[in-house]
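Take a look at the structure below.
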Amino acid sequence: MAVNAIIISMIDIRVKLARLVEEALKSAIAKGALSQFEVPEVQMERPREKAHGDWATNIALTSAARAKLPPRKLAETIVENLPVDASVSGVEVAGPGFINFRLSNAWLHEVVRAVDVEGESFGRSNFGGGLKVNLEFVSANPVGPMHVGHGRWAAVGDTLANVFSATGHDVTREFYINDYGSQMNIFASSVAARYAELLGAEVEFPENGYRGEYIRDIAREIISRDGDGYLSLSTEEREAIFKETAYRQVLTHIKKTLHTMGVDFDIWFSERTIHESTEIKKTIDFLRKRGYIYEAEGATWFKAKAFGEEKDRVLIRENGEPTYFAADIAYHKDKLDRGYDLMIDIWGADHHGYVARMKAAVQALGHPRDKLEVILGQLVNLMRGGEPVRMSKRTGEMVTLDELVDEVGRDAVRFLFLMRSTDTALDFDIELAKEKSNENPVYYVQYAHARISSILRYAAEESAAANKSDYSLLNEAPELDLIRKIAEWPEVLEGAARIRSPHFLTRYAHELASSFHYFYTRCRVVTEDAALTAARIGLVKTAQTLLRIVLKLLGVSAPERM
RNA sequence: GCGCCUGUAGCUCAGGGGAUAGAGCGUUGGUCUCCGGAACCAAAGGCCGCAGGUUCGAAUCCUGCCAGGCGCACCA
């Protein structure tokens, strides 16, 4: 019970401080120290400057006019009326009228204890309130190996999903397989041509066919498995068969690559199943009933203009074939029908022109347009030793995601992909990623974890780990700094979920590692003083727990030795 | 032409209305009798693309311009 109270006070410190300020305002008004005025919600924020304490509020600045007092004077009055609280060790008025709060060492010690009790669930919350979220990402065409850009979305999507799970969302990872349309046909005919060619037949390679070497690899796989039997078939028959077998091969390959990256989807949704069912027709009928469909120029149109779009869009072409957009609306309707509260799609930035259109469709389906959220990801520029890696789609000359993961390893790939905000292009240097040096942030963070393991091994040998920890002995600046960093975690995690920014985690991991390393060089863990040793071992363990939590969410390993 | 993203230290980037704009790398100079030196500390380095506006306060929000990237299909 007591432990519970501590944990709650810790996580809600922000709320708690805000309440103290509110109480101060109320009692000042009651006492007549302030004139009656409407008190707005008290905002607490993290000062940028360390010297300004742990938390600050601008309430005196925002309310000065209403209170008819200069900001600093108002701030002073609030401080004078502030109730005493054990978690606060200092309050001061600063600058134009900020009120700065410093948290007490006792409060910080309770943070360490909270991590002791909660372990790896420290920082988890019910922020999402059980919101059902569908996260769709990667969604590559199954016509060839994935490129490095797909890898970035895989890492971002997967970690975002982890973050959502940790913050009380009910999340589903979904991959929309774009296995329908002309490119599938081109793919099949390309494989069929290479197949025949490899078996010595005279064939003309399709003009717009895929010329990448991987097409030959797929053909070779078919040959080694099924032999040359398909050669006797007509080109059409062969292509029809390959459209299936080659497709299955590629899809299996995609799943394997993603799995190697630690990314596993809950749902693989085939676009083809939409076309093969009556879903598109049903969706269009549904929209027609709602008045958003009309026929013109032989085609069926969606009234996108009704939702502020520049122009209406074709759903059924003149030739009777539905467009990609039509299938996509049916797909999103399917997701909505499955009962998700929120759909988040991660798309390449080159699809940004499509976002508003899709949101309009969601609206037309009778849902708020914000039920669909699109994260647009910028490109990955592959570098090697500072030089861009040349890639050509036309000749099929490229570095695949597979090769990248193979060469630099899953940990570095994931971590480096997650270091940047999704809306900035990312330079990925293969040489840097492989480097086991201080230039490589992945190793910096993992090293902190391994170093703690090493300390704990040493401590066990010295049999210093057995004592119960009294954290009130931790009062050195490096110790308190480390604890402050640990205490930040719940906010960081919630922020990553709220702003859909997994890069908060890599950043935090680096800062945490840095706080630990600084502590380590200043404070000896295993000493003659048994009580202090026990306390520091406890602290080091909590730091390690935090590193584990973050690395796990990032999908990066936390090695005991390296 | 219209739209989206980006422009912050030499380089790569954080910063989602707050105080003296931060981190990593690089540069320069330091720190090891002891738990992992893949570490730590310090210094130098900035008209936050430019110009206006909004307000107590702007790198952040709005408008215009400049530069780079990407889109503007009965393609997917």
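As the structure is a prediction and not an experimental result, all values here were calculated from the model. As a basis for the values below, the full set of heavy atoms in this structure was taken, side chains included, without hydrogen atoms, waters or symmetry mates. Chain letters run A, B, ... following the sequence lines, proteins first, then strands; residues in each count from 1.
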> Among B:A76, B:C4, B:A23, which is the nearest nucleotide to the side chain of A:Arg507?
Replying inline: B:A23
> Taking atom C1' of B:A76 as reference, at what distance in whole Å does atom CE of A:Met358 sit?
Replying inline: 14 Å
>> In this structure, how many angstroms lie between the P atom of B:C40 and the OH atom of A:Tyr518, rounded?
In response: 11 Å
>> Taking only side-chain N and O atoms of A:Ser454, does any of them lie within less than 4.0 angstrom of OP1 or OP2 on B:G36?
In response: yes
>> Consider ring pair (Phe, Tyr, Trp, His ring centres under 6.0 Å). Of A:Trp153, A:Phe175, A:Phe265, which one does A:Phe137 pass it with?
In response: A:Phe265
> Base, sugar-phosphate, or nothing for A:Ala356, non-hydrogen atoms under 4.0 angstrom?
Replying inline: nothing
>> Any carboxylate oxygen within less than 4.0 angstrom of a Lys/Arg side-chain nitrogen, looking at A:Glu295 and A:Arg288?
In response: yes
> Can you tell me how far P of B:A39 sits from NE2 of A:His449, to the nearest Å?
Replying inline: 17 Å
> Which whole-number value in Å describes the distance from A:His52 NE2 to B:G57 C1'?
Replying inline: 15 Å
>> Using a 6.0 Å distance limit plus a 45 degree cone around the ring axis, check whether A:Arg420 lies over the aromatic ring of A:Phe428.
In response: no
>> Treating A:Asp179 as the side-chain partner and A:Arg272 as the backbone partner, does any N or O pair qualify as donor plus acceptor under 3.5 Å?
In response: yes
> Is the closest basic N to carboxylate O distance between A:Arg536 and A:Asp529 below 4.0 Å?
Replying inline: no
>> If the threshold is 4.0 Å, N to carboxylate O, is there a salt bridge linking A:Arg522 and A:Glu479?
In response: no
> Which part of the nucleic acid, if any, lies within reach of A:Met562 when heavy atoms closer than 4.0 Å are counted: base, sugar-phosphate only, or nothing?
Replying inline: base
> How do A:Tyr444 and A:Tyr458 order along RNA chain B: which one's closest nucleotide is nearer the 5' end?
Replying inline: A:Tyr458
> Taking the side chain of A:Arg457 as heavy atoms from C-beta outward, which of B:G36, B:C40, B:A76 is closest to it?
Replying inline: B:G36
> Considering only heavy atoms and no angle criterion, is a donor-acceptor pair shorter than 3.5 Å present between the side chain of A:Arg524 and the base of B:C34?
Replying inline: yes
> Who are the ring-ring contact (aromatic ring centres under 6.0 Å, His included) partners of A:Phe98, not counting sequence neighbours?
Replying inline: none
>> Closer than 3.5 angstrom, by distance alone: can the side chain of A:His449 be matched with the main-chain N or O of A:Gln446 as a donor-acceptor pair?
In response: no
> NA contact type, A:Asn440, heavy-atom cut-off 4.0 Å: base, sugar-phosphate, or nothing?
Replying inline: nothing
> Any idea which of B:U12, B:A19, B:G36 is nearest the A:Asp427 side chain?
Replying inline: B:U12
Which protein N or O atoms sit under 3.5 Å from an N or O of nucleotides 72-75 of chain B?
| residue | atom | partner | partner atom | Å |
| --- | --- | --- | --- | --- |
| B:C74 | O3' | A:Arg317 | NH1 | 3.2 |
| B:C74 | O2 | A:Glu318 | N | 2.9 |
| B:C74 | N3 | A:Glu318 | OE1 | 3.4 |
| B:C74 | N4 | A:Glu297 | O | 3.3 |
| B:C75 | OP2 | A:Arg317 | NE | 3.0 |
| B:C75 | OP2 | A:Arg317 | NH1 | 2.1 |
| B:C75 | O5' | A:Arg317 | NH1 | 2.6 |

> Base, sugar-phosphate, or nothing for A:Ala448, non-hydrogen atoms under 4.0 angstrom?
Replying inline: nothing
> Is any NZ, NE, NH1 or NH2 atom of the basic residue among A:Glu488 and A:Arg484 found under 4.0 Å from an Asp or Glu carboxylate oxygen of the other?
Replying inline: no
> Counting side-chain heavy atoms from CB outward, which of B:A39, B:A23, B:A19 is closest to A:Thr521?
Replying inline: B:A39
> Choosing from B:A19, B:A14, B:C40, which nucleotide comes nearest the side chain of A:His517?
Replying inline: B:C40
> Which is true for A:Asn381 with a 4.0 Å heavy-atom rule: it touches a base, it touches only sugar-phosphate, or it touches nothing?
Replying inline: nothing
>> Given B:A14, B:G18, B:A76, identify the nucleotide with an atom nearest to the side chain of A:Glu271.
In response: B:A76
Pairs under 3.5 angstrom, nitrogen or oxygen only, protein versus nucleotides 15-17 of chain B, please.
| residue | atom | partner | partner atom | Å |
| --- | --- | --- | --- | --- |
| B:G15 | OP1 | A:His503 | NE2 | 3.3 |

> Does a side-chain N-to-carboxylate-O contact under 4.0 Å join A:Glu174 and A:Lys335?
Replying inline: no
> Hey, is the side chain of A:Tyr354 poking within less than 4.0 Å of OP1 or OP2 on B:G3, counting only N and O atoms?
Replying inline: no
>> For the backbone of A:Asn319 and the side chain of A:Arg317, can you confirm whether one donor and one acceptor N or O come within less than 3.5 Å of each other?
In response: no
>> Using whole Å, what does the distance between atom P of nucleotide B:C5 and atom CD1 of A:Ile375 come to?
In response: 14 Å
Which protein N or O atoms sit under 3.5 Å from an N or O of nucleotides 24-32 of chain B?
none

> Counting side-chain heavy atoms from CB outward, which of B:C41, B:C13, B:A19 is closest to A:Arg522?
Replying inline: B:C41
>> Please classify the nucleic acid contact of A:Ala327 as base, sugar-phosphate, or nothing, using heavy-atom distances under 4.0 Å.
In response: nothing
> Going by the angle between their ring planes, with limits at 30° and 60°, are A:Phe302 and A:Phe307 parallel, tilted or perpendicular?
Replying inline: parallel
> Nearest to the side chain of A:Tyr447, which nucleotide is it out of B:C4, B:G36, B:C34?
Replying inline: B:G36
> Can you check whether A:Lys73's main-chain N or O pairs, donor with acceptor, with A:Glu76's side chain at less than 3.5 Å?
Replying inline: no
> Touch check for A:Glu560, heavy atoms < 4.0 angstrom, all strands: base, sugar-phosphate only, or nothing?
Replying inline: base
> What dot-bracket string describes RNA chain B from 5' to 3', counting Watson-Crick and G-U wobble pairs whose defining distances are under 3.5 Å, with [ ] for crossing pairs and | for pairs to another strand?
Replying inline: (((((((..((((....[...)))).(((((.......))))).....(((((..]....))))))))))))....
>> By nearest atom, which of the nucleotides B:G36, B:U20, B:G18 is closest to the A:Leu61 side chain?
In response: B:G18
> With distance as the sole criterion, is a donor-acceptor pair present between the side chains of A:Asn440 and A:Glu435 under 3.5 Å?
Replying inline: no
Could you pull out every donor-acceptor pair under 3.5 Å between side chains of residues 509-517 of chain A and any protein atom, sequence neighbours left out?
| residue | atom | partner | partner atom | Å |
| --- | --- | --- | --- | --- |
| A:Glu511 | OE1 | A:Lys485 | NZ | 3.0 |
| A:Ser515 | OG | A:Glu511 | O | 3.2 |
| A:His517 | ND1 | A:Arg451 | NH1 | 2.9 |

> Between A:Tyr324 and A:Tyr180, is the gap from one ring center to the other below 6.0 Å?
Replying inline: no
